[in-house]
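In this chain, residues are counted from 1 in sequence order. Counting convention: from 1, in listed order, for ligands and their atoms alike.
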Amino acid sequence: MSSANRTVDRLRPFTTTIFAEMSALAVDHDAVNLGQGFPDTDGPASMLDAARQAITDGRNQYPPGIGVPELRRAVARTQHDLYGLDYDPDREVLITVGATEAIAGAVVGLVEPGDEVIMIEPYYDAYAATVAMAGGVRRVVPLVPDGDGFRLDRERLAAAFGPKTSMVLVNSPHNPTGTVLSRDDLTEIARLCVEHDVVAVTDEVYEHLVFDGRTHTPLATLPGMRARTLRISSAAKTFNCTGWKVGWVSGPPELVSATRTAKQYMSYVGSGPFQPAVAHALEHEMGWVRESALALQAKRDRISTALTDAGFAVHRSEATYFVCADPRPLGVDDGIEFCRSLPERIGVAAVPVSVFTDDREPWHHLLRFAFAKRDEVIAEAAERLRRL
Ligand code: PMP
Ligand code: GLN
């Protein structure tokens with residue numbers, strides 16, 4: 001058999017993820033890894049105890065296909081308490097192997113080959129890859145600068161909707177920019193979904209990590225949207241457990257059922273003992289999450305100051321783990337090359353934003369820095385950034 005690339009054409013553009021590439025470079029050069037978005041401290045102690053207890057109690061075999069009942073109930077209750085959204089935990093909630101499997105299940109279960117899927121650019125890399133797996137066609141709508149932050153290009157959004165549109169994938173709070181879509185942007189997305197009879201899949205994995213007194217508004221709470229929105233969230237970023245891979249979808253039964261149909265042949269199930277532990281955390285540790293968001297806000301401030309001091313032009317981060325910085329004041333124009341050289345040059349790893357875009361031009365310079373790191377790690381990164 002020849003050693004040529006045997007990956008199918010539609011997946012060739014996705015051979016390695018930028019996160020793997022930059023994390024490997026960080027390890028090679030012993031760099032502070034502000035590339036891949038994961039926290040370097042654990043979630044609430046009682047959640048970790050609950051996972052250990054679940055293992056001790058023998059919850060180590062396949063959980064039910066739709067997820068353990070206590071987690072489905074906790075997911076439903078949290079949304080009721082926070083947003084007034086009511087979902088039936090038996091028919092309208094599905095536990096997945098992280099938000100990643102939720103996205104894949106939703107896209108593979110709901111998109112026909114040739115259907116168009118609208119997504120906001122820059123987009124999370126899994127969106128493009130899973131739309132390609134489903135044989136769908138991606139249509140991107142860019143964020144545009146708005147002061148030192150970003151907003152949706154609403155004209156381009158309206159122009160993207162057409163007879164072939166079957167889904168819009170909305171990520172707010174937004175990775176990689178840290179933007180929280182405004183009420184006006186959400187209202188326009190909702191209006192277009194209703195007018196064109198389109199399903200919205202909302203990736204809200206950063207829903208609890210919003211800063212400066214902002215609040216997160218699920219698209220499903222807008223008029224006409226509950227019936228056509230599949231909400232995705234995950235324990236990964238909420239409870240600092242990215243390795244547990246516990247995510248979920250909530251939505252009307254027909255959207256959840258389509259997702260389940262695909263999902264049950266992807267992983268079937270996963271994360272058995274971690275599901276009750278996340279249920280425990282949703283029931284008892286939302287205070288921990290509020291504290292964690294406040295701590296993250298302070299970390300955002302520290303890394304933003306360090307980047308500004310190093311000569312970057314720093315964008316506003318309203319939420320998430322991420323802040324974007326423009327290196328052009330330092331005389332640097334190519335974000336990809338810069339990110340490849342940074343670990344060796346100064347011992348810091350970041351991620352180039354342009355890899356999350358189709359139209360790279362407006363984004364080619366920009367870098368994303370992840371700041372969910374211990375204070376001493378951010379201080380070390382700040383020290384190293386001064387070498388620039
Ligand atoms: N969507 C976005 C926007 C993300 O940043 C991530 C990474 N947390 C995911 C989905 C994947 O989430 P999970 O780790 O739960 O699969
Ligand atoms: N969500 C994380 C990020 O954006 C990474 C997840 C991954 O490595 N696929 O950095």
Side-chain angles (χ1 to χ4, degrees), residues 14-27 33-40 43 67 71 75 94-107 119-131 143 169-181 201-210 216 219 230-250 259 263 266-267 270-271 274-275 278 281-282 292 296 303 317-324 339 349-357 366-373:
F14 307 105
T15 317
T16 48
T17 84
I18 192 68
F19 307 117
E21 184 186 344
M22 291 302 155
S23 286
L25 273 180
V27 170
N33 189 357
L34 306 185
Q36 196 174 26
F38 62 90
D40 61 356
L71 179 55
V75 165
L94 168 71
I95 308 306
T96 55
V97 181
T100 305
E101 192 192 47
I103 295 161
V107 169
M119 60 188 79
I120 298 167
E121 178 173 82
Y123 48 77
Y124 186 56
D125 62 349
Y127 304 169
T130 49
V131 169
L143 290 176
L169 254 164
V170 182
N171 174 213
S172 178
H174 182 254
N175 176 6
T177 63
T179 304
V180 177
L181 288 185
V201 172
T202 59
D203 177 346
E204 304 178 46
V205 299
Y206 299 101
E207 62 185 318
H208 306 298
L209 307 182
V210 294
H216 168 68
L219 187 65
L230 194 69
R231 256 172 65 70
I232 294 176
S233 196
S234 157
K237 306 293 162 91
T238 305
F239 297 116
N240 289 23
C241 55
T242 60
W244 284 13
K245 301 302 293 186
V246 177
W248 48 85
V249 303
S250 314
T259 307
K263 176 261 184 304
M266 292 174 169
S267 62
S271 317
F274 300 123
Q275 292 192 25
V278 171
L282 284 170
S292 166
L296 273 173
I303 193 70
S317 163
E318 302 172 335
T320 74
Y321 278 0
F322 310 113
V323 62
C324 287
C339 281
V351 164
V353 170
S354 64
V355 300
F356 307 119
T357 66
L366 208 60
L367 270 54
R368 186 196 83 172
F369 291 85
F371 51 75
K373 306 294 172 187

How far apart are the closest heavy atoms of K263 and I95, and which atoms are they?
CE-O, 3.3 Å
How long is the gap from CD1 on I103 to CG on L230, to the nearest 0.5 Å?
10.5 Å
Between the side chains of E204 and S233, does any donor sit under 3.5 Å from an acceptor?
no
When rounded to the nearest 0.5 angstrom, what distance separates CD1 in I303 from CZ in F322?
13.0 Å
For F38 and N33: C-alpha separation, side-chain torsions, deciding distance, then whether side-chain contact (heavy atoms from CB on, under 4.5 Å) applies.
CA-CA 10 Å; F38 62 90; N33 189 357; 4.1 Å; yes
Give a table of atom pairs where an N or O of ligand 1 lies under 3.5 Å from a protein N or O.
from: ligand 1; atom 1: 1 (N); to: D203; atom 2: OD1; distance (Å): 3.4
from: ligand 1; atom 1: 1 (N); to: D203; atom 2: OD2; distance (Å): 2.5
from: ligand 1; atom 1: 5 (O); to: N175; atom 2: ND2; distance (Å): 2.8
from: ligand 1; atom 1: 5 (O); to: Y206; atom 2: OH; distance (Å): 2.6
from: ligand 1; atom 1: 8 (N); to: K237; atom 2: NZ; distance (Å): 2.7
from: ligand 1; atom 1: 14 (O); to: K245; atom 2: NZ; distance (Å): 3.4
from: ligand 1; atom 1: 15 (O); to: A99; atom 2: N; distance (Å): 2.8
from: ligand 1; atom 1: 15 (O); to: S234; atom 2: OG; distance (Å): 2.6
from: ligand 1; atom 1: 16 (O); to: A99; atom 2: N; distance (Å): 3.1
from: ligand 1; atom 1: 16 (O); to: T100; atom 2: N; distance (Å): 2.9
from: ligand 1; atom 1: 16 (O); to: T100; atom 2: OG1; distance (Å): 2.5
from: ligand 1; atom 1: 16 (O); to: K245; atom 2: NZ; distance (Å): 2.7

Classify the contact between Y124 and ligand 2 as side chain, backbone, both or neither, using a heavy-atom distance cut-off of under 4.0 Å.
side chain
Is there at least one pair of N or O atoms, one from F19 and one from ligand 2, spaced under 3.5 Å apart?
no
Closest to atom 2 (C) of ligand 2 among Q36, R368, K237 (heavy-atom distance)
K237
Where's the contact between T242 and ligand 2, heavy-atom distance under 4.0 Å: side chain, backbone, both or neither?
neither
With respect to P122, which candidate in V355, N175, L143 satisfies the side chain to side chain contact (heavy atoms under 4.5 Å, CB included) definition?
L143
The criterion is ring pair (Phe, Tyr, Trp, His ring centres under 6.0 Å); which residues satisfy it with Y321, sequence neighbours excluded?
Y206
State, without any angle test, whether T16 and E21 hold a side-chain donor-acceptor pair at a distance under 3.5 Å.
no
Option of least heavy-atom distance to atom 4 (O) of ligand 2 (set: N175, D125, V351)
N175
Numbered in order shown, the ligand 2 atoms found under 4.0 Å of a heavy atom of F322 are 3 (C), 4 (O), 10 (O)
In terms of side-chain heavy atoms, does E101 have a donor or acceptor partner in S267 at a distance below 3.5 Å?
yes
